[in-house]
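We name chains A, B, ... by the order of the sequence lines, and we start the count at 1 in each one.
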Amino acid sequence: MEPLLSIQQLTKQYNKQHTALAGISLDVSRGEFVAVIGPSGAGKSTLLRSINRLAEPTSGSIAFEGVRVEQARKKELRQVRANIGMIFQHYNLVYRLSVLENVLHGRLGHMSSFAGMFSRYSEADKEEAIRLLRKVGLENEIYKRADELSGGQKQRVGICRALAQKPSLILADEPIASLDPRSSKIVMDALRANCEEQGITCLVNLHQVDVAKRYATRIVGIKAGKVVFDGPPSELHEGYIEHIYEGKEHEQFSITNTEGISA
Amino acid sequence: MHAEAATRQRKAKRLASVALLLIAFLFSIWYIRFDWIAFVTGIPIFIRFLATDFFPPNLSSVSDYAKPVLDTLAFGIVATCFSALIGSAVGLMMARPTTPSGKVRVALRGIVSFLRNVPFLLWASLLVVLFGVGSLPGILALILFGSGFLARVYAESIEEIDPDTLEALDACGATYWQRLKHGVFPQFMPGFITWTLFMFELTIRASAVLGLVGAGGIGSKIKQTMDLFQYGKTATVITILIVMILAVELVTQKIRERLI
Amino acid sequence: MKIPISHRSTQRQQRLFFLGMLVLFIPCLFYLDLSYGQFASGLERIPDMARQMMHLSFEELPKMLRELLTSIIIAFLCVVLSVLISLLLAFVVARATTPNRYVSAALRAMIVIIRTIPTTIWVLLAVASMGFGPMAGVVGLLLPTIAFLIRVFSDQIDEAGRDTAEAIRSVGGTWWHVVCNGLLPTLLTGFLALIAFKFEITVAETVILGIVGAGGIGVLLQGYISFYEFAPLMLGMLLVFITLFLLEMGTNLIRTKLAGKGSK
């Protein structure tokens, strides 16, 4: 079967000195829950952002559902983005709008520019958005302003926004890096459960190895813009981990910091 | 040793700048033939003039001033609304996250900088020549100046919006207009309200000056009474002006507190 | 029934604001009774005026530069004199250092009133009492400039000076000690940025003061306008624009430089 996402020899150069991605190839099949691990600055974030072209890749190819993303023109790109949900470390909600409105933003990519501009969401979309919010335990927050929520709640809104897109792929860029262990667990559980239920493929950047091992079906280790490990969690041994985080041992502290999740 | 040299250098620098300032000061005095005696006697003359000729304020024709006051308020409201409209459009095209292209941005910044840096009163008197005496050139001057001012401060507010939230909308596949409506507008609202109210305050102050070049408003009464040497009446008009400005400031302050 | 989606009070407040604008705007527009004919005939004159403006001639340039310098000098003298006076008074007004609370309150009230009256009106009053000329410009600008500087200086003193003032007083220092040894040196850089800013604004004001008869390039510009000499007017406007633009860049430079120094 053709993979959902196929990345070939992807490179990204910010300037002459700084290479973020040094030739990454990666095939992701439908239904996988892939954790991308690696120290900060390894290129995890750039990799994810290249997939929906929030960052322009320097060379290489990205095929998503058969569409060449790196060559996509405005309209095509919009369609690609509409089918890829994205979750951010800092939630990136519009804080002066209601929670429900933020979730409905996920529908914009599927609407005409005009209808979207005047918030003419269909009643079915609204009901679906409310259902999603209920499911992640935010039934009392639907009409609150997004800035009234706690960090963990905001990230759950972020997940609902991505799910509202009815995407085939979700990209989550360090979704729990700014959260405490308890909220982290709620967020990761919600993400995992929803993806599994709706058959959504998911690519999550994490720097906590134990979280990655617990939730992922496959782990990709990245170091200095290159893939250095690719396999199921059971094969990720201490040796690999040490190699991936070599020279960045201080970040291992954050690994032990998330005991709340593994417990 | 090294530190000592640094202190000495700093001292020398300070001495040099003081000397430069002194030279500039002396040159200035020579250049405009500044007459110290006239200056020292001038200030008491000025103060005595304010104290004796202006007091007591002549209240005999207070009712005459109702119309200029209303005019000034109406001026301010109409000019603020137009300026907010034009300023928003130009500001959106000028702000980095929403500009259609870099060239448009640079060109508009140049035009707006010109509008703002040519003094307001000059625009007003130019427009009086073009459109004749009356409230029309006054309004147009306020709009011209206000649009430039608001475009700049609106653009600054828009550029202060967290780019991450706009990126999230891009990632959802939102179009330019959708991003504008759902990402930019809601977060720009506080800035818009604050600056628009401030603009209204400015127009009230400005219309005091507009009258001096024949462009209507309460300033025309100041000029009229002064030309006739009726300083008691001038004092009344200026008092009304002060009360008006303070009242408007109070009201806009209250609105701002409620809305933001 | 439709499902509402927005945050109700935020939306209501925003709608109220726009509704308020509209409700005020329409009757005001009718009240002012602006004549469309006047507007149209004015617009018709624009191309002709623009054509005349394009004939840039540099004949008047030396005269203009001389008067421009006069304008800048009026601003300079006014700011220098104002700084001298307001530096002293700011410490009297600031709550942290005021020797007498009632004097401070009285001065504050006066400052509010002085600042409320537009600068141009002050100059107009000065011209009326002293006659035409640069001197009236300096004197007229003096009061509002002093008022502005006292206010911003005293704000800074209040912000930064309370602890220093108390420290010096606690070891038995007098008021003069507090001001000259304690506060002035530490606050000076911040003051310089404010002075530069005020100088920029004052130049913008002096440039037009000629219109009310207080000397400088404004006199020339007003003359060109009233005699329909648009070609030199254009040159004058460009000159003013360039001056103010350069000044703005200069004060920005000073400000960033001083800010850098302050953090070191």
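The minimum heavy-atom distance between B/Ala171 and A/Gln165, with the atom names listed, is O-NE2, 4.1 Å. The shortest heavy-atom contact between A/Arg49 and B/Glu167 is NH2-OE2, 2.7 Å. Here the shortest heavy-atom pairing between A/Gly106 and B/Cys172 reads CA-SG, 4.1 Å.
Atom CZ of B/Arg256 has more than 12 heavy atoms from other residues, nucleotides or ligands within 6.0 Å. The local environment of CD in B/Gln9 is sparse, with at most 12 non-hydrogen atoms from other residues, nucleotides or ligands closer than 6.0 Å.
With respect to chain A, the highest number of heavy-atom pairs below 4.5 Å among B/Ile161, B/Leu169, B/Asp162 belongs to B/Leu169. Per-residue counts of heavy-atom pairs under 4.5 Å with chain B were compared for A/Asn52, A/Leu171, A/Leu104, A/Leu97; the largest is that of A/Leu97.
Here A/Phe118 contributes atom CZ and B/Lys181 contributes atom NZ; the two are 7.5 Å apart, rounded to the nearest 0.5 Å. Here the OG1-CZ distance, from B/Thr165 to A/Phe88, works out to 9.5 Å after rounding to the nearest 0.5 Å. A distance of 6.5 Å separates CG in B/Leu180 from CE in A/Met117, rounded to the nearest 0.5 Å.
For B/Asp164, the parts lying near chain A are the backbone and the side chain together; criterion is any non-hydrogen pair under 4.5 Å. Contacts between A/Leu93 and chain B at a heavy-atom distance below 4.5 Å involve the backbone alone (N, CA, C, O). Using a 4.5 Å cut-off between heavy atoms, A/Arg107 makes no contact with chain B at all.
Residues meeting the salt bridge (charged side-chain N to carboxylate O under 4.0 Å, His left out) test with A/Glu196, sequence neighbours left out: A/Arg192. Partners of B/Glu159 according to the salt bridge (charged side-chain N to carboxylate O under 4.0 Å, His left out) rule, which considers only residues two or more places apart in sequence or in another chain, are B/Arg105.
Heavy-atom proximity under 4.5 angstrom to chain B picks out A/Leu54, A/Arg78, A/Arg81, A/Ala82, A/Ile84, A/Met86 from residues 53-87 of chain A.
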Please list every donor-acceptor pair under 3.5 Å in which a side-chain atom of residues 86-94 of chain B meets a protein atom from a residue at least two apart or in another chain.
residue	atom	partner	partner atom	Å
B/Ser88	OG	B/Ala84	O	2.5

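Aromatic ring orientation, A/His105 versus B/His182: perpendicular (interplanar angle above 60°, classes split at 30° and 60°).
No side-chain donor-acceptor contact under 3.5 Å links B/Gln178 to the backbone of A/Ala115.
Within the 4.5 Å cutoff, no side-chain heavy atoms of A/Glu101 are placed close to those of B/Pro186.
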